[in-house]
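For reference, the structure discussed in these notes is given below.
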Amino acid sequence: MSTRLSNGGRLVNKAKPVEFQFNGKRMKGYEGDTLASALLANDQMLVGRSFKYHRPRGIVASGGEEPNALVNLGQGGKFEPNQRVTTTELFDGLYATSQNHWPSLEFDVGAINTHFARFLPAGFYYKMFMFPRPFWKHVYEPFIRQSAGLGKAPKERDSDTYEHFYHFTDVLVIGGGIAGLAAALEAAQSGLKVTIFEQTHHWGGRAVVDGAEIDGKPADDWVKDTVQTLEGMENVTIRARTMGAGVYDHGYVLGYERLTDHCPDQDGPRHRLWRIRATQIITATGAIERPLSFAGNDIPGVMLAAALRDYVVNWGVSIGDRTVVVTNNDDAYRTAIALVDAGLSVPAIIDARTDGAGPLADAARAKGIRVEMGKGIAKVKGGKRVEGVAICLQAGEGAVIEEIKCDAVAMSGGWSPVVHLWSHCGGKLIWDEAQAMFRPDPSRAPTGDKGQPFVAAAGTANGNLRTAAVLEDAVAQAKAAVKAAGGKPKAGKAPAGSDAEEGAISPVWLMPQGAPIQLRMKSWLDFQNDVKVSDVQLAAREGFESVEHAKRYTTLGMATDQGKLSNINGLAILSDALDQAIPQTGTTTFRPPYTPISMGAIGGEARDELFQPIRKTPMHGWHEANGADFEPVGHWRRPYAFVRSGESVHDAVMREVKNTRRNLGLLDASTLGKLIVKGPDAGKFLDMMYTNMMSTLKPGKCRYGLMCNENGFLIDDGVVARIDEDTFLCHTTTGGAERIHAWMEDWLQCEWWDWKVYVTNATEQFAQVAVVGPNARKVLEKLGGMDVSKESIAFMEWKDGQIGGFNARVYRISFSGELSYEIAVPASQGRAFWDALLAAGEEFGVMPYGTECLHIMRAEKGFIMIGDETDGTVIPQDLNMEWAISKKKEDYLGKRAQERSYMASPDRWKLVGLETLDGSVIPDGAYAPAPGDNANGQRNVQGRVTSTYFSPTLGRGIAMGLVHKGPDRMGDVIEFTKGDGTFVKAKIVDQVFYDKDGEKQNV
Amino acid sequence: MLILECPCCGVKSEETEFHAGGEAHLKRFGPGSTDAEFEGYLFMRENKRGVHFERWRHVNGCGKWFLAARDTNTLEFFGFYPAQTHEPPQDIKDKISAKHPGWSWREFQ
Amino acid sequence: MSEAVSFLNGAEATHNGVTVRDAGPVGMVTLRGDLSAAKLKTAVKKITGQPVPGVRKSTVTGGKGACWMSPDELLIVVPHAEAAAAVAELESALAGGHFMAVNVSDARACLTLSGGVAAREVLAKIAPVDLSTAAFGAGDFRRTRMAQVAGAFWLDDAETFHVVCFRSVGHYVFGLLENGAKAGPVGVLA
Amino acid sequence: MKRYSVFAVAREALRYHTGWERAWRSPEPKKKYDVIIVGAGGHGLATAYYLGKNFGITNVAILEKGWLGGGNTGRNTTIIRSNYLQDPSAAIYEKARSLYETMSQDLNYNVMFSPRGVMMLAQTQHEIRGYQRTAHANSLQGVKTEFITPQRVKELVPIINIDGPRYPVLGALWQARGGTARHDAVAWGYARACSDMGMDVIQKCEVTAIRTEGGKVKGVDTNRGSIDCDKLGGIVAGNTSVLTEMAGFRVPIESVALQALVSEPIKPCMDVVVMANTVHGYMSQSDKGEMVIGGGTDGFNNYTQRGSFHHIEETVRALNETFPIISRLKMLRQWGGIVDVTGDRSPILSKTPVEGMFINAGWGTGGFKAIPGSGWAMAELMAKGHSPLTEEFSMWRFGEGKFIDESVAAGVAH
């Protein structure tokens, strides 16, 4: 019967009662409780079910290492599965339900598995469920998935927010125990910037629970003083509820701060992800107590000795009236003493060691506690809670000597330093035989950007278990870190620590040492994943000898605690089974994060409107207000069409095409790239960039150009205008602006750095509008200003001037085949200019149009579109664009590549126009099959469609495509896939479907 | 998450300010080169486990390209230098020699 | 010629003592060339009344000055209406040499961020830059990444940050800064 | 070899599973083998397996410097699909997919192939056209795929947000018989089968040199002595360049880190594999209940098996937007692998300048799904000197400019 003690509980405030719910039951706790201590105070021993056998599970630890006690926490937009009760601070109204059982926690049908446990050993699923074949997907797998999985999936969108924060510090100390505090203080006194994190909301770690003394005063007081001192220092950042989650290359550290988990109604971000750059990192992360492997060590009520002590001292909670302590080291005696001091009974301390216990044992005996040396637990009795233990000789095979009634068992198999953060970035470990632990190998620390070591472990995390040694190590590490960070450590000694002497540990990996299979099958290593001693031994027997194989085969250490309690015990059993030393077996890789961190925190502020930038042109507001159906183009949003009420998107597109061809259309072309290239070598440079000859272009003229990469493939196109003798303005595609700008800078900086050329990306300086259609000139003349007559500005010419009072640069270019002017004005006046065109255009039937209309009109004219006719594997020659490739030039980017055998082959697919015989539209992406199959049984192909539309102008389907030897096959009829297994016949024709002679654009 | 120091503007900052640009000191082969030369230039990259010379651009910064020497096995940077050169500066080569005696990379050592 | 309109038409937001503002139209000229050349120095001085800024420095005060963008690039800052004139001035002053002067006033969005230390922390939520007073002071200029876009900022004598980014993402950066201000202080920088 | 079955398990249970024999032998290397495969990952083991099964070549050693299946086979996100655009890719990936269908039975080892369906979201007009093109190509390649509507997407994946503010889902390319498998089991199943055919799977055996004579391969030197062979297969993914350097030639490959992560396990909430390429995220739910998430590759050469965290941020950001409920799940573990990327991001299965030496590499971020097909084709190439499946994947295609580019259909190879 676990309950709240009338006295004790250094962390709880009994003046502040708190109400919460577990599985619908109303319960009481106090401010300062964790959900774990509160549940135990309410005698809730059974808190969950295990992963595989659905065994009853109780709380086994008191911190982040807890493998069992995971709950569904909260409701609606604040629901969260798999919350560890030991790290969940209690708050008023907390709502939690237990996981992985049906129908209820007390009665779980899945628990049937425990009776079949014998038939479900490690890796059983690799050996069965193979027949009949379809059963895996339809029967076996659904069952396995359903019974696995722990917590429920959230149903609603997360109602909380998150944020990131960049932090820079000279020395980062991770861990707020006495080692961390001493190290932080030492480092801070050097004047360097120091940051210290503690994952819980209370400082001091174990020392304050175990009653150590520092500088002659109780650890508790020393901790309070030190925290206060640090808080008062300008150069110190000190944070509780903040975990060092991961250490990455070059001193990058993730800090995980939980801001409102303990007060969910408070405003502001729930979590803050700190992205830290630390010159030196000290991991003072303490150690984790190891369970002992004896039969029934997973029954609720069996708990880590130190955890049991924590509940009594920190939260004034007793796990049971009668607690049997079982250990292989002296530390567990502290638990026995603490319990007796709290007025509870300890029937016996079962010490596996034959001798070697130190003064703590004498102290225990002095308190009248019975101590049994050389003994072990053969078996724990009980089902959903402990009822007693059967005692045996540790050296034997489990013959029961005596049974002791008890309702709790405190176990201690020794301590494992928390080396995760040390190891994340490559820090290596050594096996410490005397203390039976892996600890950091200072000679093989993680190295940084200059090859220097940048992580040091301190205190218990560095293998020092005694207070004095912890403090000395911490201060020494801090001094070293300060030096390494370029500071000057202050002279002075470490605080003096004192605690009880301790006898040596003697490693116990199995209890009793000769336990037969019946007991080994009940001795748990991984409580959550149900991995037992017998499973690891089976893995070894079947040849899974690498620690990684054994882990993956048995799932040892793959649970949500990532093996914090089970890994060392497991690999000791494996080593024993393989008759090799533990270091020879080695550990599995430690990967971030130390304990799981929320996806929300990782995403940070990037959600909803801030998920990704949306680039907006100066006219974007008008588009939004006027039915624009947007399509993303890069990070831009461009209107696909402007849909009017009662119209479908398709209707709108058809209307826009017809109107532009008949009257007047406006296109927001602001997103087109505009690169200014200037310098005495600008012409020479563009001759290399483009396949065309640009150096011969006359000022005032425009030329359409193609760009290829060094692999010969077409990457961009656009109109180049020569501004003056050494200045060009290069238009790129919408997606191309940044890419091509970078591409040009690359060549100028890294290849032709002696050429005198400057490039600036002026894309967003201008709002650009394409004024298109038979009435284009009329509307400009109405607005007044510069002369836009054919005589003044002919096709493929540009001119600066004023239009309707706006400073404008006018390009006489056309991507539609109509009379067309592309007019650039300063972006700050783009919207006003757009409005002016709309107003003046009214009498000429003006209508804005979107990208789909643009695509159709260019397809009707047989103009290619980068991204449609090209896909990164197409060269200009494939598109019959030899006319745009200068023969006079020795070189241009891509020229050499285009000379390679496969590129020059006459068998390449080339661009043609396509007309369906029945006038229908060939589906997007359709392929043209050829007779026969290839060597792999695939249907031969002879071409594919690249652009295909219904042309409202011609009232029929038109398309362009790449066809084998296409241009030589004019008039041929070939078939294209319709996607439903049928085919559509199409005739190979010229790719220009509309105004072949260009009369309309050249007026 | 690497830290780089741009030799052009002096900023020392994290990787996200930069853009990696592949192998450094490539000799361009254009028209007139053999198929082998051209294939080598375009595709045959150094991919050593160890010293590597590479291009970076300070894209979210001064916009300049620069070169770096890095150990692909430890991610240690031996140094950064401007892109306008055909071979690594001696001081960087010396630094590498100190760590990897007898190293070589293409024609450099 | 109608009124110049900035990306958010002068929008402003204040949360927890931090104010984010669309600084309105600002005149900006990209000047590329040899920053050590006497002609260039004189021209910059004439236009901005300030010497050529040092590496990663800004000389902008009272809406006039220049920012060091890269070893061969400055951003000249003047009142919006004077940008064209500044370009003309440079064109004539540097004529004959290899340089480039482009009016980019409308290509960029300018924001101000004020609120003392709290403002530093708002910026530190989206930019991988050490913004402690010791590391970043008045007159310092930094080009960097702001969440998912490129940007730049400098700090003036009044502890106000002047943030510059591409016009098309001005509202995004404004949103980031406002969001960071709303979330409240971190309580680290001093 | 003792056959695995529910009855075998039951029989063993009665004697507390003391009777199970080793899944694979652990032999000392012999002096000579007909064929040596370097690299006991999925591709290497599968190659050996089909050399034995299809060509009766069983005097084979598979050398592994670490532990078998410990490279990318044991680190990937186990997606299996064959909805590729280009014919050569579709051929080898579909071969692989079809072999996955019967692998558990063929190997008598449950690799848990789960044809739960793979979906690639189209979130831009360009992606729609790209995936429709792929669907048309697949229909002629004998690969069953279809382009489905947003409504169908929502039915198949209730937790998806199809009308997100930024990138609404406009449709998807759907391969119903794509899915996932248990990655370790694939390596272990092949190793067990190879061992059973008398082949030697030799772990902790690192190749230090390749011996040749007159341009022909003679054998290898290893940390466990030198071993002769008539034919040598180099199938070592990220370490390919290191190996080919030993043989004195170069391949167009670079090694970069690719990252992945898993969430804590939750009850089943997503039954299919979803790939969202516009926002660079893909996700499936494992049988344990973990959400398995793939990240991006670094831009720089790297052999550390550690990547840069900002790629994880980008991926998670994207998935929070696409699947809003995962924002309140937690990342349990992240890790990295070293992938080998070629000039056109398609693999190389090829003879080499060294007679008798073959390489199988360059699978980049998409190797797991190809394992059986790759092994099948590679075995044919090594046994017969040519294979229709490997024809187009020669290492000389780069010189000719004859690429196999899959990126063109907005598809990424995961």
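Note that this is a predicted model, so its numbers are computed, not measured. Naming: A, B, ... by sequence-line order, numbering from 1 per chain. Side-chain atoms are counted along with the backbone in the values below, which use heavy atoms only and exclude waters and symmetry mates.
- Not a single side-chain hydrogen bond (donor to acceptor under 3.5 Å, both in side chains) links D:Q132 to another residue, sequence neighbours left out.
- Remark: side-chain polar atoms of D:R333 are not paired, donor with acceptor, to backbone N or O of A:M558 under 3.5 angstrom.
- Note: A:E141 leads A:E141, A:H164, A:K978 in heavy-atom pairs under 4.5 Å with chain D.
- For D:A187, no part sits under 4.5 Å from any heavy atom of chain A, backbone or side chain.
- Aromatic ring centres of D:W24 and A:F544 lie closer together than 6.0 Å.
- Side chain of D:R166 to main chain of A:P613: a donor-acceptor pair is present (N/O by atom type, distance under 3.5 Å, no hydrogens or angles).
- When each of D:V316, D:T315, D:L261 is tested with A:I602 by the rule side-chain contact (heavy atoms from CB on, under 4.5 Å), just one qualifies, namely D:V316.
- Within the 4.5 angstrom heavy-atom criterion, no atom of A:A245 approaches chain D.
- Only the side chain of D:N320 comes within contact range of chain A, judged by heavy atoms closer than 4.5 Å.
- Each of A:H549, A:Q146, A:Q99, A:Q898 has some count of heavy-atom pairs under 4.5 Å with chain D, and the biggest count is that of A:H549.
- Of the listed residues (A:P929, A:P142, A:A926, A:G872), the greatest number of heavy-atom pairs within a distance under 4.5 Å of chain D belongs to A:A926.
- Between D:Y109 and A:Y126, the ring planes are parallel. Angles under 30° get that label, and only those over 60° would be called perpendicular.
- By the 30° and 60° cut-offs, the orientation of the rings of A:Y248 relative to D:F309 is tilted.
- Under the rule for a side-chain hydrogen bond (donor to acceptor under 3.5 Å, both in side chains), the partners of A:T977 that lie at least two apart in sequence or sit in another chain are D:H136.
- Of the options A:R607, A:R157, A:E80, a side-chain contact (heavy atoms from CB on, under 4.5 Å) to D:S327 is made by A:R607 and by none of the others.
- The candidate with the highest count of non-hydrogen atom pairs below 4.5 Å against chain A, out of D:Q285, D:M112, D:E94, D:E146, is D:M112.
- Under a 3.5 Å cut-off, the side chain of D:H17 and the backbone N or O of A:F119 do not form any donor-acceptor pair.
- For D:I159, no part lies near chain A; criterion is any non-hydrogen pair under 4.5 Å.
- Applying side-chain contact (heavy atoms from CB on, under 4.5 Å) to D:V6 and the options A:K127, A:M130, A:M128 leaves one that passes, A:M128.
- Ranked by heavy-atom pairs under 4.5 Å with chain D, the first of A:P596, A:G603, A:A148 is A:P596.
- With chain D as partner, the option from A:P632, A:G712, A:S905, A:S147 having the largest number of non-hydrogen pairs under 4.5 angstrom is A:P632.
- Distance check: A:F124 CZ to D:N110 CG gives 10.0 Å after rounding to the nearest 0.5 Å.
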